[in-house]
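To start, the structure itself, in C-alpha cells.
When reading the values below, keep in mind they use all heavy atoms of this one structure, side chains included, and skip hydrogens, waters and symmetry mates. No experiment lies behind these values; they were computed from the predicted model shown.
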Amino acid sequence: MDPAASYPPHKTARWAIMVLSVLGFFLSMDVTLTTLLIEPMKHDMVLTDVEIGLLQGTAFGLAFGLASLPLGRAIDRANRVTLLKLGLIVWMVSMGATALAGSVATLMLSRIALGFVYALLIPSALSIISDLYPPERRSVATSLFAVGQASGQAFGILAGG
C-alpha cells in the first residue's frame, strides 16, 4: 500500500495549513497588540507598574506554561479539531473581554485565557500537520504555520505602532 494514500488529498492539506497559519497569525497579532497597547491602557485605567508587569508577562506566560502539558495530553487523547474550536471560542470571548475591560481583574483573566489558547494552538496545529502531511513534507507545512505566527507578530507591531 502506498504510504501517501493514508494522507488526505493535497487540496485538503493545503486548506488546513492555510487555516492553521491564519489562526497563528491572528493569535500572535492579538498577543503583540495587547502588549504594545499597554501604555494607553495604563493611562486610561490608571494601572500601576506591578499590574502592567502582571498583565504583560506573568498572566500570559504562567497560563501558557502551566496549561501546555495538560492541554498537550488532552490533544493526544481527544479530538484536536474540536479542542481547537473550543479554544477559538475562548479566544474570541477573551478578545471581547479585553476590549471591554474596566478592571485589572478582567484584563488579567483575558490574558490568562489567551495563554491557555496559545498553549492549545501550537500542539494542536503541529499534531494536525502530522496527520495531513507525510514526514518528508512536514517541514514545509510546519514552516508555513510558523510564518503565519511570525507575520502576525510583525503585523501586530506595525499596526500597534
Side-chain angles (χ1 to χ4, degrees), residues 14-132 141-161:
R14 278 189 227 123
W15 175 253
I17 196 63
M18 183 186 75
V19 169
L20 291 171
S21 296
V22 168
L23 290 175
F25 175 91
F26 282 109
L27 191 55
S28 294
M29 183 182 67
D30 186 23
V31 169
T32 304
L33 271 174
T34 306
T35 301
L36 289 174
L37 296 174
I38 206 74
E39 281 302 318
M41 292 164 59
K42 179 181 180 180
H43 181 269
D44 290 347
M45 297 180 71
V46 192
L47 301 173
T48 67
D49 288 340
V50 170
E51 291 168 331
I52 296 295
L54 290 171
L55 290 171
Q56 281 190 312
T58 307
F60 176 85
L62 201 55
F64 178 82
L66 292 175
S68 290
L69 287 175
L71 287 175
R73 180 172 261 174
I75 290 162
D76 284 342
R77 295 179 180 190
N79 185 312
R80 294 175 294 275
V81 175
T82 301
L83 288 172
L84 197 52
K85 288 177 187 176
L86 291 172
L88 292 175
I89 292 168
V90 170
W91 175 40
M92 287 185 274
V93 170
S94 172
M95 282 180 25
T98 299
L100 300 172
S103 70
V104 175
T106 304
L107 284 174
M108 187 78 67
L109 290 173
S110 297
R111 296 297 286 179
I112 289 169
L114 194 57
F116 276 99
V117 174
Y118 216 81
L120 177 70
L121 173 66
I122 295 170
S124 293
L126 295 177
S127 183
I128 290 168
I129 289 168
S130 72
D131 289 343
L132 296 172
T142 304
S143 295
L144 289 171
F145 173 65
V147 165
Q149 291 178 300
S151 299
Q153 289 173 340
F155 187 78
I157 290 169
L158 178 67

List, one per line, each side-chain donor-acceptor pair under 3.5 Å for residues 86-102, sequence neighbours excluded.
unit_1 : atom_1 : unit_2 : atom_2 : d
W91    : NE1    : D30    : OD2    : 2.8
S94    : OG     : S110   : O      : 2.8
T98    : OG1    : S94    : O      : 2.9
T98    : OG1    : S110   : OG     : 3.4

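Residues passing the ring pair (Phe, Tyr, Trp, His ring centres under 6.0 Å) test with F116, sequence neighbours excluded: none. Judged as a salt bridge (Lys or Arg N to Asp or Glu O under 4.0 Å), and not counting sequence neighbours, the contacts of D49 are K42. Residues forming a ring pair (Phe, Tyr, Trp, His ring centres under 6.0 Å) with F145 (at least two apart in sequence, or on another chain): none.
Shown here for L27 and L121, the closest heavy-atom pair between the two residues is CD2-CD2, 3.5 Å. L107 approaches M45 most closely through the heavy-atom pair CD1-SD, 3.5 Å. Across all non-hydrogen atoms, the minimal contact from T106 to S103 is OG1-OG, 3.0 Å. Nearest heavy-atom pair across E51 and T48 is OE1-N, 2.8 Å. Pairing each heavy atom of L20 with each of I129, the nearest pair is CD1-CG1, 4.1 Å. Nearest heavy-atom pair across L132 and A16 is CD1-CB, 3.3 Å.
Pairs engaging residues 59-78 under the salt bridge (charged side-chain N to carboxylate O under 4.0 Å, His left out) rule: none recorded [sequence neighbours left out]. Judged as a side chain to side chain donor-acceptor pair (under 3.5 Å), the pairs with a partner in residues 115-128 (not counting sequence neighbours) are, in order, S28-Y118, R80-S127, Y118-Q149.
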Steps toward side-chain contact (heavy atoms from CB on, under 4.5 Å) verdict (V104, L54): CA-CA 10 Å; V104 175; L54 290 171; over 6 Å; no

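With rounding to the nearest 0.5 Å, the separation of CG in L120 from NZ in K85 is 13.0 Å. The line from CG of L66 to CG of L71 is 10.5 Å long, rounded to the nearest 0.5 Å. For the atom pair L55 CG and I112 CD1, the distance stands at 9.5 Å (nearest 0.5 Å). For the atom pair L126 CG and T142 OG1, the distance stands at 6.0 Å (nearest 0.5 Å). Here the straight-line distance linking atom CZ of R111 with atom OG1 of T58 works out to 10.5 Å at 0.5 Å rounding. In this structure, Q153 CD and L158 CG are separated by 13.5 Å, a value rounded to the nearest 0.5 Å.
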